[in-house]
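Inspection log for the structure reproduced underneath, given as structure tokens.
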Amino acid sequence: MTEDLKPTYVEAGGFDRDMNYVPDRITRGARRPEHGPVEGELWPVEPGRYRLVAAKACPWANRSIIVRGLLGLEDVISLGTPGPTHDKRSWTFDLDPGGKDPVLGIERLQEAYFARFPDYPRGITVPAMVEVESGKLVTNDFPWITHDLFFEWREHHRPDAPDLWPADRREEMEEVMQRVFTEVNNGVYRCGFAGDQESYEAAYDRLFEALDWLEERLATRRYLMGETVTEADVRLFTTLVRFDAVYHGHFKCNRNKLTEMPNLWGYARDLYSIPEFGDTIDFDQIKAHYYVVHTDINPTGVVPKGPDESLWDTPHDRDRL
């Protein structure tokens, strides 16, 4: 997603995320998928046809980078990485030579959106799947992008790719992911963008109630769904890894730090030690994005020096579970 435009607020001052995305799906043979909605066009799986544009700074985009790596799709779907800061119009490719994406040849992701929808009225969000040849946006529907990378691109997965959606746990996993999304992934934003004290305190209580539930759940299992990593872990990790660096202070989620919740902290370091997770994290980009872009919250644009990111490399004991 993006935080380049002011978030939507409900009347009471609470935060309400705009969840309207381009609903197209990329599926095997452009078939009707087994799971989820089909409200847009269907595009065929085809190696080399699409470029995933995903900023490392953004937690929602970070999910897709992790899943792409876990499944071994690096040579099948190329990756474009916008820089961490942007103006109100669009994410930009200011980290690339000449300020242009080297494959798409564009300066702003907005160009791919307008190539498909000249009057696109919403925010320019990441992650986005873009067709390389036409330069047009295919979809920015982030939950289904990672879902379809697993289910629809299977014949291109590496041989030892993890089962991110185990069939025997899918129903429970959907429930866990829904609570993680509403109460944690979105909960930190609900705190940070609260428009009044009452809304903030209600959001704060909801967030930490969910974190306490996760702390208890992870006391007896290594990962959210048991002994193996699933998509549920990917979705939780991208919020946890940003918690102390951004959400604790910037979004006022300050009952305690992640480092003060033993099970969650050990779990997060366990995931971070997996290269496909840890190698996607750039704390400088993460902090620059939030502290520079959110001028309403941090008008000075000053970016904190801490916390000490070397703590993420300290040993964990999660393998005991």
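In what follows, residues are counted from 1 in the order of the sequence shown.
- With hydrogens and angles left out, the side-chain atoms of Thr139 and Asp141 include no donor and acceptor closer than 3.5 Å.
- You'll find the ring centres of His294 and Phe251 inside the 6.0 Å limit.
- Shown here are the side chain to side chain contact (heavy atoms under 4.5 Å, CB included) partners of Ser134, two or more places apart in sequence or in another chain: Glu131, Lys136.
- When hydrophobic residues (I, L, V, M, F, W, Y) are linked wherever their side-chain heavy atoms come within less than 4.5 Å, Leu95 remains an isolated member.
- When ring centroids are compared, Phe114 and Tyr120 stay outside the 6.0 Å threshold.
- The salt bridge (Lys or Arg N to Asp or Glu O under 4.0 Å) check on Glu111 picks up nothing, with sequence neighbours excluded.
- Screening residues 208-236 for ring pair (Phe, Tyr, Trp, His ring centres under 6.0 Å) gives Tyr204-Phe208 as the qualifying pairs, with residues at least two apart or on separate chains.
- Classification of the Tyr189-Tyr290 ring pair by plane angle, with boundaries at 30° and 60°, yields tilted.
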Tabulate below the donor-acceptor pairs under 3.5 Å that side-chain atoms of residues 68-82 make, not counting sequence neighbours, or state none.
from	atom 1	to	atom 2	distance (Å)
Arg68	NE	Ile77	O	2.7
Arg68	NH2	Glu74	O	3.3
Arg68	NH2	Ile77	O	3.1
Ser78	OG	Arg51	NH1	3.0

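- A salt bridge between Glu172 and Arg217 is present, with a side-chain N of the basic residue lying under 4.0 Å from a carboxylate O of the acidic one.
- Ring to ring, Phe237 and Tyr267 are not that close: their centroids are 6.0 angstrom or more apart.
- Under 3.5 Å, the side chains of Arg63 and Asn185 contain a donor-acceptor pair of N or O atoms.
- Applying the ring pair (Phe, Tyr, Trp, His ring centres under 6.0 Å) test to every pair with at least one member in residues 31-53, sequence neighbours left out, gives these pairs: His35-His147, His35-Phe151.
- Ion pairing between Arg108 and Asp87 holds under the 4.0 Å rule for side-chain N and carboxylate O.
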